[in-house]
Amino acid sequence: MLISYTITDSPLGRLLVAGTARGLCFVSLGDADGLLEKELSSDYPAAETVRDDVSLSAWTAALLKYLDGERVPLDLPVDVEGTPFQQSVWAELRAIPYGSTTTYGEIARKLGYGATGARAVGRACATNRVSLVIPCHRALREGGALGGFRWGLDRKARLLDQEQRAAQLTLGL
DNA sequence: GCCAGAACTCTGG
DNA sequence: CCAGAGTTCTGGC
């Protein structure tokens, strides 16, 4: 498997975007380029990763606009492996409209797992490799607490804050 | 290869 | 407050 990737600057830190011929397979935010590259290769140990700033530019531009607070639809193609359970959780996450949020428990109930599946849902979100395209930051804990976030809670808070601002602007507020 | 414990949770006793 | 329930991964044996 061949994966090309690129790294650019973004309002939330360094942004790594990686994809196969079929779609995005890895998106990550971080502070150091080297760490991001390491994350990618340890997540895809069998793949060959090559830096390619050109062919990924369209997807990268869309993500940058999004991180900049523009309300763009992130309906980019993704190419991620996952169990059926994970796929269904990710599908639910992508169905959350821009600017709104849901809870882990609600997703679990919708999928027919009752309240007990909430933890499993949280785990499925945590192992999602394309966290901006699949908006796992729109999943909160019951009671409004943010819960956890792979890239740090302040990034989660900033993403949500930005989304809510942009959504309100669109409504004419 | 198997078992225990942890991870972005929630509910009921 | 404590324990248990469903999924997946990791680490120890």
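Keep in mind that the numbers below use all heavy atoms, side chains included, and drop hydrogens, waters and symmetry copies. Order of the sequence lines fixes the chain letters, A, B, ..., with proteins taken first and strands second; residue numbering starts at 1 for each chain.
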Among residues 124-136 of chain A, which ones have heavy-atom contacts with DNA chain B below 4.0 Å? A:C125, A:A126, A:C136
Nucleic acid contacts of residues 111-120 of chain A, taken as heavy-atom distances under 4.0 Å to DNA chain B: A:A115, A:A118, A:R119
For A:E106, give me all partners under salt bridge (Lys or Arg N to Asp or Glu O under 4.0 Å), at least two apart in sequence or on another chain. none
According to salt bridge (Lys or Arg N to Asp or Glu O under 4.0 Å), who are the partners of A:K110, at least two apart in sequence or on a separate chain? A:E92
Name each donor-acceptor pair under 3.5 Å that joins a side chain in residues 112-119 of chain A to protein atoms two or more places apart or in another chain, with its distance.
unit_1, atom_1, unit_2, atom_2, d
A:T116, OG1, A:Y113, O, 3.2

Which is true for A:R123 with a 4.0 Å heavy-atom rule: it touches a base, it touches only sugar-phosphate, or it touches nothing? base
Nucleotide range of DNA chain C lying under 4.0 Å from chain A heavy atoms: C:dA5 to C:dC9
Side-chain donor-acceptor pairs of residues 31-38 of chain A under 3.5 Å, sequence neighbours excluded:
unit_1, atom_1, unit_2, atom_2, d
A:D31, OD1, A:R155, NH2, 3.3
A:D33, OD1, A:R14, NE, 2.7
A:D33, OD1, A:R14, NH2, 3.4
A:D33, OD2, A:R14, NH2, 2.9
A:E37, OE2, A:Y5, OH, 3.1

According to side-chain contact (heavy atoms from CB on, under 4.5 Å), who are the partners of A:T170, at least two apart in sequence or on a separate chain? A:R71
For A:Q86, the side-chain contact (heavy atoms from CB on, under 4.5 Å) test, sequence neighbours excluded, returns A:T83, A:W90, A:A124, A:T127
Wobble G-U and Watson-Crick pairs count when both distances are under 3.5 Å; given that, what is the 5' to 3' dot-bracket string of DNA chain C, with | for pairing to other strands? |||||.|||||||
Counting only pairs under 3.5 Å, give me each side-chain donor-acceptor contact of residues 50-59 of chain A, with atom names and distances, residues two or more places apart or in other chains.
unit_1, atom_1, unit_2, atom_2, d
A:R51, NE, A:D53, OD1, 3.1
A:R51, NH2, A:I7, O, 3.1
A:D52, OD1, A:V54, N, 3.0
A:D52, OD1, A:S55, N, 3.2
A:D52, OD1, A:S55, OG, 3.4
A:D52, OD2, A:S55, OG, 2.6
A:D53, OD1, A:T6, OG1, 2.5
A:S57, OG, A:V54, O, 2.9

May I have the distance from A:L153 (atom CG) to B:dA7 (atom P), rounded to whole angstrom? 14 Å
Taking atom P of B:dC10 as reference, at what distance in whole Å does atom CG of A:L146 sit? 12 Å
Got [X] and [Y] here, is their nearest side-chain heavy-atom distance under 4.5 Å?
| X | Y | result |
| --- | --- | --- |
| A:L12 | A:L159 | yes |
| A:T20 | A:M1 | yes |
| A:R94 | A:V133 | yes |

Run the numbers on A:V78 and A:C25 for side chain to side chain contact (heavy atoms under 4.5 Å, CB included), then give the verdict. CA-CA 6 Å; A:V78 295; A:C25 67; over 6 Å; no
Under 4.0 Å: is that the gap between some side-chain N or O of A:R109 and OP1 or OP2 of B:dT11? yes
How would you list all residue pairs meeting ring-ring contact (aromatic ring centres under 6.0 Å, His included) that involve residues 139-173 of chain A, not counting sequence neighbours? A:F149-A:W151
May I ask you to check whether A:Y98 and A:Q164 show a side-chain donor-acceptor distance below 3.5 Å? no
